Peer 1: 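Here it is, the structure, as structure tokens.
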Amino acid sequence: MTRTPEDRPSGRRPRRRTATTGALVAVTALLAVGVQSGTAAAHPDSDTPARSRAQASSKAGAYAKPDPGALPAKLSPAQRAELIREADATKAETADSLGLGAKEKLVVRDVVRNADGATHTRYERTYDGLPVLGGDLVVHETKAGEIEDVTQATKSRMSMADTTPAVPADTARAKALTTAKAQAEEAPRKATAEKAPRKVVWAADGTPVLAWETVIGGLQRDGTPSRLHVITDAETGRVLYTYQAVRNGTGSSQYSGQVTLGTARSGSTYQLNDTGRGGHRTYDLNQRTSGTGTLFTDADDVWGSGSTSSRQTAGVDAHFGAALTWDYYKNVHGRSGIRGDGVGAYSRVHYGNNYVNAFWDDSCFCMTYGDGSGNAKPLTSIDVAAHEMTHGVTSATAGLIYSGESGGLNEATSDIFAATVEFYAANASDVGDYLVGEKININGNGTPLRYMDKPSKDGASKDSWYSGVGGVDVHYSSGVANHFFYLLSEGSGAKEINGVRYDSPTSDGLPVSGIGRANAEKIWFKALTERFRSSTNYAAARTGTLQAAADLFGQGSATYNAVANAWAAVNVGSRVTDGAGVFEATDDVAIPDAGAAVTSSLTVNRAGSAPAALGVEVDIVHTYRGDLVIDLIAPDGTAYRLKNSSSNDSADNVQESYTVDASSETASGSWKLQVQDVYAQDTGYVNSWKLTF
């Protein structure tokens with residue numbers, strides 16, 4: 001039996017680019033507003049750990065300090081802009097290095113640079129001038145400008161017979177409207193197609209398909225704006241995927257006591273205009289549901305009363321939360337503003353009437369807050385503000401699609417950084433905790449909206465992964481990652497933090513030791529900005545965070561293994577023990593030209609099953625990698641196809657990382673890498689290969 005993971009990049013040639021110092025429209029709400037539609041199963045994503053730059057000893061302590069060289073550099077907006085300019089100037093060379101076809105082009109989206117000079121450039125892709133949804137990729141380069149690894153799920157070289165649709169745009173639009181209205185929970189009121197359908201290539205499922213993308217506007221059931229994206233096959237008319245791009249969130253000062261605000265004087269009055277944080281402004285929507293609203297002004301620069309009797313109070317909380325979030329990302333992660341460009345978003349408060357929600361909207365680059373039930377509890381607490389702004393950060397980086405497992409990761413990322421911002425704020429009136437929306441009484445009984453230590457306490461969120469979790473509303477499937485982050489930070493079992501009692505279980509009943517929140521937040525941010533993609537699922541999130549931990553603390557270190565064990569505790573992957581999670585074969589094995597298959601073996605000594613995301617790193621020296629067929633052979637003889645031969649794959653060498661679902665295998669035993677050269681005239685050898693459990 002042979003099982004085939006997704007194709008990896010078809011070629012990787014070193015290229016050099018001077019290192020300098022220097023997607024999808026989305027609206028996201030905090031509270032679930034309906035059942036998410038789209039494919040229930042997880043999107044395939046074969047992101048895997050690359051060869052770590054920091055091979056630290058397994059004796060490293062679980063509380064080891066991050067490697068300063070692997071942390072994000074603190075770039076000014078001008079430095080980031082220069083990196084983007086340089087990446088844009090060399091994008092054609094990069095496309096060639098990756099083996100892209102003549103009709104494919106790269107579009108630079110973002111560049112992250114580490115303190116050691118390594119860069120991580122995020123690209124969108126086009127095919128024959130059409131945007132490729134789900135074709136985004138991240139190219140990881142050393143400080144010398146050599147491509148070290150590529151994170152992607154779609155084949156490097158795309159090919160389509162034709163880009164002329166059989167289904168007209170009007171038919172796709174009608175189908176999209178019918179689909180939107182048929183979704184009882186998500187059906188937008190006053191549903192309309194905001195613009196003509198856009199012809200695209202849909203590639204998030206791994207195989208490129210010509211499609212139409214239609215955006216259906218209107219209102220969701222609770223009054224939140226709707227932008228339901230419907231992807232329709234342009235050949236058959238079948239609906240391939242839908243997702244809601246308006247993302248909801250939770251939430252004087254009413255919640256934080258007396259606070260300091262960033263304001264600006266204009267003539268004889270003051271404005272809620274934080275010129276020190278990119279010009280972030282806060283507006284009063286006056287119960288309207290559209291427009292920008294009226295900028296808050298004041299005669300004496302003393303704002304709000306601490307209660308809803310003053311309309312300024314909600315503005316104070318929103319403005320203060322935005323400032324804290326800006327400071328957190330800049331001071332902890334070196335990111336200047338949501339997009340990293342030093343430009344502030346803006347906030348709108350007093351949205352609608354009795355609106356019990358808040359949301360982020362890419363189209364206005366803004367956060368919007370309702371006043372809650374009876375207009376008595378505006379959703380403007382610190383964690384809600386941080387949650388909403390983080391949706392903007394996610395959109396500007398990984399671009400996680402707001403449906404399925406990637407949607408759960410999107411929501412969880414906002415909850416995770418809502419918690420870390422709250423701890424960072426150290427506000428005596430709103431102490432840091434692992435609860436979401438505990439101040440806004442959204443349930444009417446004083447309970448939080450979500451619990452990170454045991455997500456199921458809210459009655460709907462999921463504590464651990466299972467095969468159908470991608471079909472759950474993203475606000476509840478987010479529980480898997482929220483629980484992971486809590487366990488990684490604090491560990492399992494009963495404890496009290498800042499006066500809040502927690503008791504976090506694990507899916508396998510085994511304990512987990514935490515690594516501390518400071519290290520956990522650095523790992524998640526690094527994975528988000530460097531490894532996650534638009535369709536990353538939970539298995540790939542595990543892989544991305546393991547790679548981040550490898551870069552920061554060393555592959556196989558106690559901290560690295562703690563990340564694997566925290567994921568295992570929410571049923572994603574298997575547990576490891578210090579020094580026992582990585583197995584490597586380093587003896588050279590010659591590969592005969594156009595000859596019989598050869599194998600390189602290693603022995604694994606560990607109990608239990610292999611993980612659903614077994615990492616396989618391959619280092620093969622060869623003069624024409626397209627000749628090679630590579631399989632991983634499990635102890636029971638099952639073959640897992642890693643790479644097929646391809647005449648289009650003309651680069652030298654195979655230095656790749658793969659992910660294999662080996663959960664049906666026993667971990668212990670002899671594993672083999674089997675390689676066969678199927679064409680003549682090129683030679684090589686297996687240099688080394690590695691398994692990461």
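Residues take their numbers from the sequence shown, with the count starting at 1. Everything numeric here is computed off the predicted structure, so don't read it as measured data.
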Peer 1: Hey, is the main chain of Ser381 close enough, under 3.5 Å, to the side chain of Asp317 for a donor-acceptor pair?
Peer 2: no
Peer 1: Can you tell me if Thr506 uses its side chain to pair, donor with acceptor, with the backbone of Gly509 under 3.5 Å?
Peer 2: yes
Peer 1: Look at Lys495 together with Glu490 and state whether they make a salt bridge at an N to O cut-off of under 4.0 Å.
Peer 2: no
Peer 1: Hey, is the main chain of Ser395 close enough, under 3.5 Å, to the side chain of Arg339 for a donor-acceptor pair?
Peer 2: no
Peer 1: For residues Asn565 and Trp567, is any side-chain donor paired with an opposing acceptor at under 3.5 Å?
Peer 2: no
Peer 1: Which pair of non-hydrogen atoms, one from Arg542 and one from Ser574, has the smallest distance, and what is that distance?
Peer 2: NH2-O, 3.7 Å
Peer 1: Return yes if some donor-acceptor pair links the side-chain N/O of Gln312 with the main-chain N/O of Gly304 below 3.5 Å, else return no.
Peer 2: yes
Peer 1: Can you tell me how far apart CG (Leu228) and CD1 (Ile216) are? Round to the nearest 0.5 Å.
Peer 2: 7.0 Å
Peer 1: How are the rings of Tyr243 and Tyr241 set to each other: parallel, tilted or perpendicular (split at 30° and 60°)?
Peer 2: tilted
Peer 1: Taking the ring centre of each residue, are Tyr502 and Tyr486 less than 6.0 Å apart?
Peer 2: yes
Peer 1: What distance do Asp453 atom CG and Leu435 atom CG have between them, rounded to the nearest 0.5 Å?
Peer 2: 7.0 Å
Peer 1: Donor-acceptor check, side chain of His483 to backbone of Asp463, threshold 3.5 angstrom: yes or no?
Peer 2: yes
Peer 1: Nearest 0.5 Å, what's the OG-CG distance between Ser464 and Asp508?
Peer 2: 9.5 Å
Peer 1: For Tyr351, does the six-membered ring have the charged nitrogen or CZ of Arg288 within the cation-pi criterion, i.e. under 6.0 angstrom from the centroid and within 45° of the normal?
Peer 2: no
Peer 1: Among Thr390, Thr420, Asn482, which one satisfies side chain to side chain donor-acceptor pair (under 3.5 Å) with Asp415?
Peer 2: Asn482
Peer 1: Would Lys526 and Glu530 pass as an ion pair if we require N to O under 4.0 Å?
Peer 2: yes
Peer 1: To the nearest 0.5 Å, how far apart are NE2 in His387 and OG in Ser414?
Peer 2: 4.0 Å
Peer 1: Tell me yes or no: between the side chains of Asn353 and Asn375, is some donor less than 3.5 Å from an acceptor?
Peer 2: yes
Peer 1: For Val500, does its backbone N or O pair with a side-chain atom of Asn498 as donor and acceptor, under 3.5 Å?
Peer 2: no
Peer 1: So if I apply the side chain to side chain donor-acceptor pair (under 3.5 Å) rule between Ser347 and each of His319, Glu388, His280, which one comes out positive?
Peer 2: His280
Peer 1: Could you tell me whether a side-chain N or O of Glu438 sits under 3.5 Å from a main-chain N or O of Pro448, the two making a donor and an acceptor?
Peer 2: no
Peer 1: Please check if the distance between the ring centroids of Tyr434 and Phe423 is under 6.0 Å.
Peer 2: yes
Peer 1: Can you tell me how far CD1 of Ile523 sits from CG of Leu528, rounded to the nearest 0.5 angstrom?
Peer 2: 13.5 Å
Peer 1: When you measure from the side chain of Thr313 to the backbone of Ser305, do you find a donor-acceptor pair of N or O atoms at a distance under 3.5 Å?
Peer 2: yes
Peer 1: Less than 6.0 angstrom separating the ring centers of Tyr560 and Phe553, yes or no?
Peer 2: no
Peer 1: Compute whether any side-chain donor of one residue and acceptor of the other, for Glu411 and Tyr402, lie under 3.5 angstrom apart.
Peer 2: yes
Peer 1: Verify the distance criterion only: is there a donor paired with an acceptor across the side chains of Tyr476 and Asp458 at less than 3.5 Å?
Peer 2: no
Peer 1: Return the orientation label for the His333 and Tyr329 ring planes: parallel under 30°, perpendicular over 60°, tilted otherwise.
Peer 2: tilted
Peer 1: Does the structure place the NZ or CZ of Arg335 under 6.0 Å from the centre of the six-membered ring of Tyr328, at an angle of no more than 45° from the ring's axis?
Peer 2: no
Peer 1: Between His350 and Asp284, is any side-chain donor less than 3.5 angstrom from a side-chain acceptor?
Peer 2: no
Peer 1: For Asn441 and Asn445, indicate whether the former's side chain and the latter's backbone hold a donor-acceptor pair under 3.5 Å.
Peer 2: yes
Peer 1: Contact between Thr543 and Thr659 at the side-chain level, heavy atoms closer than 4.5 Å - yes or no?
Peer 2: yes
Peer 1: Could you tell me whether a side-chain N or O of Lys439 sits under 3.5 Å from a main-chain N or O of Ser429, the two making a donor and an acceptor?
Peer 2: yes
Peer 1: For the rings on Phe532 and Trp524, is their centre-to-centre separation under 6.0 Å?
Peer 2: yes
Peer 1: Classify the side-chain pair Glu213/Trp202 by whether it contains a donor and acceptor separated by less than 3.5 Å.
Peer 2: no
Peer 1: How long is the gap from CD on Glu422 to CG on Asp430, to the nearest 0.5 Å?
Peer 2: 4.5 Å
Peer 1: Please tell me whether Phe365 and Tyr346 form a close aromatic pair, meaning their ring centres lie under 6.0 Å apart.
Peer 2: no
